[in-house]
There are 2 protein chains.
Amino acid sequence: MLMLPAFRSDPRIRLVAACAPREASRRAFQAEFGGRVYENVEGLCADPEVEVVYIATPHQMHADHAVAVAAAGKHILLDKPLAVEMADGRRIVEAAEKAGVDVIVGPSHSFDRPVQQAGELIRSGELGRIRMIQAFNYTDFLYRPRRPEELRTSEGGGVIFSQGVHQIDVVRFLAGGVGTRLAAMTGAWDPDRPTEGAYSALMSFQNGCFATFTYSGYAHFDSDIWMDGIGELGQRKSPQGYGAARRTLATVLDAQQEAALKTTRTYGAGDAPKPADQYEHFGPIVVLCDRGDIRLVPSGLHVYGDFEQKFVPAPTFETARTEVIDALVQTVRHGHPAVQSARWGLASLEACHAIIRSAETGTFVDLVEQVPV
Amino acid sequence: MLMLPAFRSDPRIRLVAACAPREASRRAFQAEFGGRVYENVEGLCADPEVEVVYIATPHQMHADHAVAVAAAGKHILLDKPLAVEMADGRRIVEAAEKAGVDVIVGPSHSFDRPVQQAGELIRSGELGRIRMIQAFNYTDFLYRPRRPEELRTSEGGGVIFSQGVHQIDVVRFLAGGVGTRLAAMTGAWDPDRPTEGAYSALMSFQNGCFATFTYSGYAHFDSDIWMDGIGELGQRKSPQGYGAARRTLATVLDAQQEAALKTTRTYGAGDAPKPADQYEHFGPIVVLCDRGDIRLVPSGLHVYGDFEQKFVPAPTFETARTEVIDALVQTVRHGHPAVQSARWGLASLEACHAIIRSAETGTFVDLVEQVPV
């Protein structure tokens, strides 16, 4: 649903086939795009017209699907996180390298235009060395409608694999990619939704910079007030929406009804979300460098220098997630691979596991699978 | 200079004597208050009319001064931090207990009215269990005029002992006081000012809550934009002030000239700062509880509940730091000791050292000197 506006409007994309277990989704795809539809991944893999497969299946299915698609010689756009288990992540890396296909792990908020802009500014050296990053995001993630496995950590549920991985991706992208050590504390505070809903982490990087990043999906406070009132998906938020997720959930009787509610947000089963009119974001981010700091907002960068501050606007917004298609075309057609490769995704997944391990053991965790930007 | 507006205007305070090595300070005191003046602490200690001594000497002198004052049977208001070395801190605790005098470690931002309000709200149970705190503060602290020892960590210089201790005090106050473990990373990034200018820490508490707190005194970004544009000392900030500290420092020739510049901010040697018209604060603070979150601002608390948000204003502001005098009077005259006792100060000092040790060793540090609110 969230990639569709870009898929629909971008002349570089043609949707020729789709695979989905739900008949309603397949019917909707045929009605809208007229392409071929498959009930299972084998059919899609055998389709000779398919060049790239966008895998947007639940996290725990990524490895099987990606390995099958890679073996068929097709490139892959793979929803974050790469996988849940590190072993599954490694299977994807190996399958892609063996088959010589490209993998982009995304969409992820590291593609957001202001994040890309900030990365360029940092790497230009204009502000001197990068020293410190702070990222945080307070949302009601845990109280939006969920399928049962989204509330089980072992299946990739909770905020660490689905939300933390965004923050890790962004922070790694800004800090140059190679984390060295991580310490974290986590919270699983709602017995009715028994998975991690919050964490805070410290992470050091090879270049000497460190980052602190915090997330709570239990929050009542909405940190988007510090992102110019723009929500994660680039839509302006209305004050009337206060408490909406908890209000809705309070009307839900059981897990089955809740899962059904979640399904209404999938393709062919409900209304599309309000289209974005700004770039997406993942909460307030501040980057400190020797000669200036950067604060990211949906419309660009606030740059605070020694004696002056300025605003560097992002390019005019057109369609949500066009950045991901840009990266895809650059990778697959022009030989300029995106930073967010399968190995990059493995490094971010490693940091997710390090958060859980550090919180469990009360120790710093060394990172060993990291790759640079 | 910063306590003076409260000392001057509060009918509960009479300044009867002062001790200062600088003649200009002594002369100014006599001219304004007509009391007795002393060149050294012994004279002040022997003054029979003195009931409480406010010790505002440099950190590394606190222990000698506090021990002398306690031995003379006078109560103490002691500028934070309690001391630099833990051994010095323990000397103060023991001297005060032996002499049966009260010690309040303050002023500190844990006295700020909105912090007090938030503590009451948390402990009322109205919002359920406290789960997580985030505090951060981005300032140009390291580029304000400093005496040389303020830039040497071993003498209590850098941001950890003079700024971190505020954050620790506030966070401990909100979280109930008893920290259990701490992990941190620090930065000492300016070779011309070779002390820690930034840190980020994770701290767990006995009640299960955890906190993350971050400070940079190297910052160009000023987090007061998220505190309604009010500075730490309760004064409205002007956009024209951007970069002022760095601009001034750029005109300073050497350490001697810089120390002289700092001296112009002491009593009797320069202009008083602009009077505050709001409560003081120490940067954005968000507290997450089970049934609601709190965001502190200088004028009160934003309280975000499950379905509604509200603003709870602080009592009308009158004079900066009246809260400290309230605590002093309650402690000394009414037998209701302030939370911020010498033992409390020792616990906050322990956390300062834990930040340094965790950053040096790359391990979590256990806290063993903690006391509850």
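Below, read A as the first sequence line, B as the second, and so on, with proteins coming before strands; counting in each chain starts at 1.
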Q. Does any heavy atom of chain A fall under 4.5 Å from the side chain of B:T363, the backbone, both, or neither of them?
A. backbone
(Q) Does any backbone or side-chain atom of B:R129 lie under 4.5 Å from a heavy atom of chain A? Answer side chain, backbone, both or neither. (A) neither
Q) Does atom CD of B:Q257 have more than 12 heavy-atom neighbours, drawn from other residues, nucleotides or ligands, at distances under 6.0 Å? A) yes
Q) Would a distance-only check, ignoring hydrogens and angles, find a side-chain to backbone donor-acceptor pair under 3.5 Å from A:Y242 to B:D306? A) no
Q: Just give me the residue among A:D222, A:V286, A:D140, A:V303 that pairs up with chain B most often, heavy atom to heavy atom, under 4.5 Å.
A: A:V286
Q) Heavy-atom distance under 4.5 Å to chain B: side chain of A:P284, backbone, both or neither? A) side chain
Q) Hey, which of A:G292, A:A183, A:G243 has the most heavy atom pairs under 4.5 Å with chain B? A) A:G292
Q: Pick whichever of A:A201, A:A219, A:G187 has the most heavy-atom pairs under 4.5 Å with chain B.
A: A:A219
Q. With chain B, which of A:M132, A:H220, A:R291 has the greatest number of heavy-atom pairs at distances under 4.5 Å?
A. A:H220
Q | Residues of residues 189-200 of chain B within contact distance of chain A, non-hydrogen under 4.5 Å | A | B:W189, B:A198, B:Y199, B:S200
Q) So what's closer than 4.5 Å to chain A heavy atoms on B:Y138: side chain, backbone, both or neither? A) side chain
Q: Mind checking the CZ-OG1 spacing from B:F213 to A:T214? Nearest 0.5 Å is all I need.
A: 12.0 Å
Q.
Please classify the contact of B:I225 with chain A as side chain, backbone, both or neither, using a heavy-atom distance under 4.5 Å.
A. side chain
Q | Engaged part of B:C209 at the chain A interface, taking heavy atoms whose separation is under 4.5 Å | A | neither
Q: Give, as side chain, backbone, both or neither, the part of B:R131 having an atom under 4.5 angstrom from any heavy atom of chain A.
A: both
Q: Determine yes or no for a side-chain-to-main-chain donor-acceptor pair under 3.5 angstrom, with B:R247 supplying the side chain and A:F307 the backbone.
A: yes
Q.
At a 4.5 Å cut-off on heavy atoms, which part of B:L288 comes close to chain A: side chain, backbone, both, or neither?
A. side chain
(Q) Between A:H302, A:E308, A:Q134, A:R181, who has the most heavy-atom pairs with chain B when the cutoff is under 4.5 Å? (A) A:Q134
Q. So A:F136 and B:W226, would you call those rings parallel, tilted or perpendicular, with 30° and 60° as cut-offs?
A. perpendicular
Q) OG1 of B:T186 to CZ of A:F210: how many Å apart, nearest 0.5 Å? A) 6.5 Å
Q) When heavy-atom pairs shorter than 4.5 Å are enumerated against chain A, which of B:S358, B:G305, B:S216 gives the highest number? A) B:G305
